[in-house]
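When reading the values below, keep in mind they use all heavy atoms of this one structure, side chains included, and skip hydrogens, waters and symmetry mates.
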Amino acid sequence: MSLTLTVLGTASPHPRPDRPCSGYLVRGGGAEVWVDAGTGSFAELQRHTDPAGLDAIWISHLHADHSADLLAAVYGLAYGGLAPAAPIPVYAPQGCAERLAGFFGRPDGGFLKGVLDIQPLYDGHRVRHGDLELTSRAVVHDVEAYGLRAQSGGRVLGYSGDSGPCPALIELARAADLFLCEADIDGHRDGEQVHLTPEDAGTVARRAGVRELVVTHVGPTLTPEAATVRAAAAFGGPTVTAREGDVLSVRPR
C-alpha cells in the first residue's frame with residue numbers, strides 16, 4: 001500500500017512565478033487529502049486530481065500563505081462546475097469558516113455546508129479516511145497552528161506546518177519515513193521563535209530519527225538549495241529540497 005506526497009507549492013510568504021505558496025497532496029490508503037491551501041496551490045492541485053474527489057482538506061494554520069486558496073476552492077466547488085458529491089471535510093483552526101464567510105459578506109459559514117464541512121482542529125485531533133490516518137499536534141507559532149502526522153500501511157509522513165522549535169515537532173516526526181519541514185528563516189531574533197532555521201529542521205529530524213528530510217517553505221532571506229545544504233549538515237541523513245510538481249514516495253524502512 002503506497003503513501004505519496006505531491007508538492008503543489010513551497011513559497012514563503014507570497015507566491016512567485018511557477019512557485020505557489022504551501023500546498024501538498026497526500027495520497028494513501030485509498031484517500032486523497034489536500035494539505036494546506038496556500039496562495040496559488042488550488043490551480044496546481046487540479047494538475048494532479050479532481051478537487052471534487054478529495055476525501056479531506058487539512059489546514060495547518062490560517063495565515064494566507066497556507067489557507068488563502070480555500071477561497072478559490074469555494075468558487076470552484078460551489079460555482080465553477082467542480083461540485084463534490086458530498087461536502088468535503090475541512091480540518092482547520094478555529095475561525096476558518098467565519099473568515100471565508102467574510103469574503104462573501106455572510107454572517108457565518110453556514111452557506112458553505114453544501115460543499116465544505118469545516119471542523120475545528122485541536123491538539124491530538126485524529127481522523128481516518130480509508131486506511132489513511134491523520135493526527136494533528138499543536139506547534140509553536142504566532143497564531144493557532146498544527147503539525148501533521150499521516151500514516152498508512154506502516155508508512156509515516158510528518159509535516160511541520162509553520163512552527164518554531166518545540167517538543168511537539170519531534171513527537172509528530174518520531175521515526176517518520178519522510179519528514180516535510182519548513183526552514184523559513186536564516187536565524188532567530190531575540191525572543192522570537194515562531195519559525196525554523198535550516199539547522200533547526202535538521203536537528204528535529206535527527207532527534208526524531210526520521211529516514212528522510214524534505215526541506216520546504218524557505219523564506220526570502222535564503223535559497224532552497226542553501227537551506228537544504230544547511231539542514232542536511234545538521235541532520236546527517238538523506239535530505240532533499242521540495243520542488244513544485246515533485247511526487248515523493250514515502251518508503252518504509
| said: Walk me through whether Leu5 and Leu25 qualify under side chain to side chain contact (heavy atoms under 4.5 Å, CB included). | reply: CA-CA 6 Å; Leu5 172 75; Leu25 176 62; over 6 Å; no
| query | If we only count heavy atoms from C-beta on, is the Val74 to Leu77 side-chain gap below 4.5 Å? | reply | no
| OH/Tyr24 to OG1/Thr6 distance, rounded to the nearest 0.5 angstrom? | 12.0 Å
| field | Any donor-acceptor N or O pair under 3.5 Å, side chains Trp58, Ser136 | value | yes
| remark: On a heavy-atom basis, the closest approach of Leu70 and Ala37 is N-CB, 3.9 Å
| field | Whether Arg155 side chain and Ala176 backbone form a donor-acceptor pair below 3.5 Å | value | no
| query | Taking Asp108 for the side chain and Gly110 for the main chain, is one N or O donor matched with an acceptor at less than 3.5 Å? | reply | yes
| Short N-O contact, Asp177 and Arg251, less than 4.0 angstrom | no
| Could you walk me through whether Arg243 and Glu225 pass the salt bridge (Lys or Arg N to Asp or Glu O under 4.0 Å) check? | CA-CA 11 Å; Arg243 299 190 186 281; Glu225 295 76 16; 3.1 Å; yes
| query | CD/Glu212 to CG/Leu180 distance, rounded to the nearest 0.5 angstrom? | reply | 10.5 Å
| note | Rounding to 0.5 Å, atoms CZ (Arg137) and CD1 (Ile170) come to a distance of 11.5 Å
| query | Hey, mind stepping through Thr239 and Val229 against side chain to side chain contact (heavy atoms under 4.5 Å, CB included) and telling me if it holds? | reply | CA-CA 8 Å; Thr239 308; Val229 168; over 6 Å; no
| query | For the residue pair His188 and His195, is the inter-centroid distance of their aromatic rings smaller than 6.0 Å? | reply | no
| request: Show the numbers, then the answer: is there a side chain to side chain contact (heavy atoms under 4.5 Å, CB included) between Phe179 and Val214? | output: CA-CA 6 Å; Phe179 180 41; Val214 180; over 6 Å; no
| query | Between the main-chain N or O of Gly23 and the side-chain N or O of Ser41, is there a donor-acceptor pair closer than 3.5 Å? | reply | no
| Joint hydrophobic cluster, Val140 plus Ile185, side-chain heavy atoms closer than 4.5 Å | no
| message | Would you say that more than 12 heavy atoms from the other residues, nucleotides or ligands in this model lie under 6.0 Å from the CZ of Phe104, or not? | response | yes
| Is any side-chain heavy atom of Val215 closer than 4.5 Å to a side-chain heavy atom of Pro224? | no
| request: Assess the side chains of Tyr146 and Asp123: does a donor N or O sit below 3.5 Å from an acceptor N or O? | output: no
| request: Specify the closest pair of heavy atoms between Leu112 and Ala97, including all atoms of both residues, with the distance to one decimal. | output: CD1-O, 4.3 Å
| request: Locate the shortest heavy-atom distance separating Ser163 from Val139; write the atom from each residue and the value. | output: OG-CB, 3.3 Å
| field | For Gly29 against Ser152, the heavy-atom pair lying closest together | value | N-OG, 3.2 Å
| query | Can you name the nearest heavy-atom pair linking Glu244 to Leu8, along with the distance? | reply | CG-O, 3.5 Å
| message | To the closest 0.5 Å, what do you measure between CG (Leu62) and CG (Leu100)? | response | 9.0 Å
| request: Go through the steps for Ile59 and Tyr91 under the test side chain to side chain contact (heavy atoms under 4.5 Å, CB included), then give the verdict. | output: CA-CA 6 Å; Ile59 303 296; Tyr91 309 111; over 6 Å; no
| query | Are side-chain heavy atoms of His48 and Glu32 found at a separation under 4.5 Å? | reply | no
| Are the side chains of Pro93 and Val143 in touch, meaning some heavy atoms are under 4.5 Å apart? | no
| message | Tell me if a side-chain donor or acceptor on Ser12 pairs with a main-chain N or O of Gly219 at a distance below 3.5 Å. | response | no
| query | Does Ser160 reach the main-chain N or O of Glu182 with its side chain, forming a donor-acceptor pair under 3.5 Å? | reply | yes
| task | Establish, from distance only, whether the side-chain atoms of His66 and Asp162 form a donor-acceptor pair under 3.5 Å. | result | yes
| said: For a 4.5 angstrom cut-off between non-hydrogen side-chain atoms, does His125 reach Val127? | reply: yes
| message | Regarding Thr135 and Arg149, do their side chains bring together a donor and an acceptor under 3.5 Å, going by distance alone? | response | no
| Backbone N/O of Gly245 and side chain of Glu44: donor-acceptor pair under 3.5 Å | no
| So if you build clusters from Ile, Leu, Val, Met, Phe, Trp, Tyr with side-chain heavy-atom gaps below 4.5 Å, do Val35 and Ile88 land together? | no
| Any donor and acceptor pair, going by atom type alone, linking the side chain of Asp50 with main-chain N or O of Ala52 inside 3.5 Å? | yes
| message | Quick check against the 3.5 Å criterion: does Asp69 have a side-chain atom that pairs as donor or acceptor with the backbone of Phe42? | response | yes
| Is the number of heavy atoms from other residues, nucleotides or ligands within 6.0 Å of CZ (Arg16) greater than 12? | yes
| said: Pairing donors with acceptors under 3.5 angstrom, does anything connect the side chains of Thr203 and Asp200? | reply: no
| field | Path from Leu132 to Leu157 over hydrophobic side-chain contacts below 4.5 Å | value | yes
| request: For Asp65 and Pro13, work out which heavy atoms get closest and say how close. | output: CB-O, 3.5 Å
| said: Do Arg206 and Phe235 form a cation-pi contact, if we require the NZ or CZ to be under 6.0 Å from the six-membered ring centre and within 45 degrees of the ring's axis? | reply: no
| Hey, are the side chains of Pro84 and Val115 touching, using non-hydrogen atoms and a 4.5 Å cut-off? | yes
| To the nearest 0.5 Å, how far apart are CZ in Arg126 and CG in Leu134? | 10.5 Å
| query | With no hydrogens and no angle check, do the side chains of Thr10 and Arg19 hold a donor and an acceptor under 3.5 Å apart? | reply | yes
| request: Report yes if some heavy atom in the side chain of Pro89 is under 4.5 Å from a heavy atom in the side chain of His129; otherwise report no. | output: yes
| said: Looking at Arg128, I want to see if its CZ is surrounded by more than 12 non-hydrogen atoms of other residues, nucleotides or ligands under 6.0 Å. | reply: yes
| task | Treating Ile, Leu, Val, Met, Phe, Trp and Tyr as nodes and any side-chain heavy-atom pair under 4.5 angstrom as an edge, say whether Val250 and Val7 lie in one connected cluster. | result | yes
| said: Checking side-chain polar atoms at under 3.5 Å, does Asp36 have a donor or acceptor matched by the opposite partner on Ser60? | reply: yes
| task | With rounding to the nearest 0.5 Å, note down the distance linking CD in Glu144 to CD in Gln94. | result | 6.5 Å
| query | Between His61 and His141, what is the ring plane arrangement, given parallel below 30°, perpendicular above 60°, and tilted in between? | reply | perpendicular
| Would you say Leu45 and Val247 are hydrophobically clustered, going by side-chain heavy atoms of ILVMFWY under 4.5 Å? | no
| task | Measure the shortest side-chain to side-chain distance between Gln46 and Pro51 over non-hydrogen atoms and say whether it is less than 4.5 angstrom. | result | yes
